[in-house]
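Since this is a predicted model, take the numbers as computed values, not measurements.
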Amino acid sequence: MSNDVRVRFAPSPTGYLHVGGARTAAYNWLYAKKTGGKFILRIEDTDAERSTDDAIKGILDGMEWLGLDWDEGPSFQSKNIENHVEAAKKLLESGDAYKCFCTKEELDAKREEATKNKGDMRYDGTCRRLSPEQVAEKEAQGISYTVRLKVPDDGGAVKFKDEVCGFIEKRHEDIEDFIIVRSNGQPLYVLSNAVDDINDRITHIIRGQDGLANTPKQILIYNALGAPLPVFAHISLTLDTKKAKISKRKHGESVAVHFYREHGFIPWAFVNFLVLLGWSTSESQQIFSRDELIEKFSLGGLNKANSVFDIRADDPKFFTDPKAISINSHYIKNMPVEELAPYVKIEFESTGIWDADYEGAKKEWFNSTIDLLRERYHYTTDFVTLGKAFFSDDFEFEEKAVNKNLLKNEILKTMLPELAEKFSAMEGFGEKEIEDIMRAMIEEQGVKAGVLINGVRTAVTGQAVGPGIFELLIALGKERVVERLKKAGALY
RNA sequence: GUCCCCAUCGUCUAGCCAGGUCCAGGACACAGGCCUUUCACGCCUGCGACAGGGGUUCGAAUCCCCUUGGGGACGCCA
């Protein structure tokens with residue numbers, strides 16, 4: 001592969017980074033990594049009305065969190081406006097563009113008319129037919145004008161090969177003379193975007209299929225400007241369960257990257273999930289390490305058909321696409337504990353139960369405890385919710401668990417404190433010894449094993465579920481176990 | 001309305017370009033089972049799709065056409 005591949009992600013900062021954008025960014029990033037090329041981040045902030053600094057920060061934060069690092073930028077499109085205007089001037093001089101004096105009102109009226117008659121809504125070319133004298137006259141009158149690209153009327157077509165959509169052909173007659181500069185002199189997206197891509201020497205444009213309709217127009221601009229064409233790859237769109245394009249407006253937080261960060265996702269797990277939405281290997285492999293994904297990624301694996309992001313926003317069990325959860329859960333269970341620990345640390349810090357010793361004297365204990373717990377967790381946040389009792393004395397007793405495992409068995413009211421005594425008298429706190437003591441007590445009192453075991457679990461963790469009891473007690477430590485068992489009587 | 005794109009299990013998809021090995025494979029979800037002190041994990045089994053119709057062919061999920069369905073673009077937004 002050639003080393004001068006240059007790809008870009010060019011979001012407009014009108015809101016947080018959403019899953020669709022992140023997915024597009026990920027494909028670009030992957031392609032750059034794969035080819036040893038450069039990944040450029042360009043913020044298309046020319047819509048001053050809608051662009052905000054918060055959104056810029058949100059996008060940058062989201063990209064960083066996902067680990068999608070860029071090689072150049074972020075550059076801001078608003079800084080390049082001169083270049084765009086310059087390009088338009090060139091186009092005007094070469095005769096590839098012309099001035100249009102039609103007012104917005106006239107245009108709106110014509111469009112409305114066309115809508116009413118169910119006709120063509122495209123520009124009718126009125127000003128294209130103006131003679132130089134007429135143009136001069138209108139200019140002399142001080143009438144403001146937009147600049148339109150003069151689409152060839154030679155009966156030809158724009159033809160190009162898209163890496164995912166295949167060969168595409170659009171007849172010139174089907175493209176209207178589109179506006180490239182507003183009447184106030186400000187360039188428009190089709191122009192700005194193309195000129196920036198030319199200036200940034202972008203070789204591969206990997207973007208959503210919603211950009212497909214713009215492509216023939218932009219190719220016309222490239223051609224008129226004499227710039228070499230990049231390779232295009234228009235990726236499928238991400239739809240919601242009703243098959244509509246996902247948007248911030250409609251779906252709110254559940255499509256925001258930061259939402260997943262807040263809900264305890266491992267960033268790479270989320271990238272892994274996102275990439276699979278419209279891309280696959282011929283083996284349908286599901287889990288990829290970073291290096292493996294980079295190695296196996298190719299534009300050819302991109303699916304043409306749109307894919308559905310199965311947001312289950314209203315489903316109490318899932319809250320988002322079950323597959324995303326499943327992949328996250330897989331990473332939590334299988335990634336090296338040392339790599340998981342930093343993510344758990346973040347949760348601890350924000351909950352205020354982080355202990356610096358977890359990275360020092362208690363590091364071994366901390367790592368082995370999260371290793372013990374992670375088997376049944378899906379999110380990093382689970383460590384501070386479901387797992388809180390292992391790290392803090394300030395934990396909740398679940399009512400259901402207390403009812404089922406403690407209150408139903410009156411005998412535990414005395415057995416538990418008794419067990420505390422026995423544990424307390426132990427020299428160490430080994431698994432074998434703990435089991436022997438508990439088994440003996442079960443025998444002695446003639447209760448079912450599960451009664452004591454589940455009762456102890458609830459008494460020391462407040463929950464009805466969790467790791468195997470012996471491992472659990474060791475993880476908790478003798479001191480905490482004895483203390484909590486002693487207090488168990490008070491729960492009745 | 002005009003132009004463009006797409007179409008395999010509920011969801012993500014493999015297979016399609018180079019037709020037979022596909023009564024269609026994997027993953028998630030779901031159901032059942034095993035394991036088990038709980039809940040998970042893990043393992044096993046099951047449920048479940050080539051949108052419809054025409055062609056071409058000895059043979060079509062794969063090629064062609066039509067229909068239907070879905071999506072996108074059509075803005076002096078990006």
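Residue A:Lys448 is classed as having no contact, given no heavy-atom separation below 4.0 Å to the nucleic acid. Residue contacts for A:Asn303: at a heavy-atom cut-off of 4.0 Å it reaches the sugar-phosphate backbone alone, with no base atom in range. Across all strands, A:Ile469 comes closer than 4.0 Å to base atoms (heavy-atom distances). Across all strands, A:Ser183 comes closer than 4.0 Å to base atoms (heavy-atom distances). Looking at heavy-atom distances under 4.0 Å, A:Ala464 makes contact with a base. Counting any heavy atom pair closer than 4.0 Å across all strands shown, A:Thr103 reaches a base atom. When heavy atoms are screened at a 4.0 angstrom cut-off, A:Phe273 is found touching no nucleic acid atom at all.
Of all nucleotides listed (B:C30, B:G70, B:C28), B:G70 comes nearest to the side chain of A:Lys243. Residue A:Ser282 has its side chain nearest to B:G15 when only B:G15, B:A78, B:A40 are considered. Out of B:C4, B:A27, B:G71, the shortest distance to the side chain of A:Leu237 is found at B:G71. Checked against B:A40, B:A14, B:A78, the side chain of A:Glu375 finds its nearest nucleotide in B:A40.
In this structure, a donor-acceptor pair under 3.5 Å is present between the side chains of A:Ser78 and A:Asp45. Checking A:Thr381 against A:His263 by side-chain atom types alone, no donor-acceptor pair falls below 3.5 Å. Side chains of A:Lys304 and A:Gln209: a donor-acceptor N/O pair is absent below 3.5 angstrom, by distance only.
Remark: side-chain polar atoms of A:Asp177 are paired, donor with acceptor, to backbone N or O of A:Val151 under 3.5 angstrom.
In this model, no side-chain donor or acceptor of A:Lys304 finds a partner on the base of B:C6 within 3.5 Å. For A:Arg50 against B:C77, a side-chain N or O and a base N or O form a donor-acceptor pair under 3.5 Å.
Note: CD1 (A:Ile180) to C1' (B:C77) measures 17 Å, nearest angstrom. The interatomic distance linking A:Leu386 (CG) with B:C39 (C1') rounds to 10 Å, in whole Å. Rounded to whole angstrom, the span from the CZ atom of A:Phe178 across to the C1' atom of B:A78 amounts to 15 Å. The OH atom of A:Tyr145 sits 14 Å away from the C1' atom of B:C76 (whole-angstrom rounding).
In this structure, A:His204 has its ring center at least 6.0 angstrom away from the ring center of A:Phe232.
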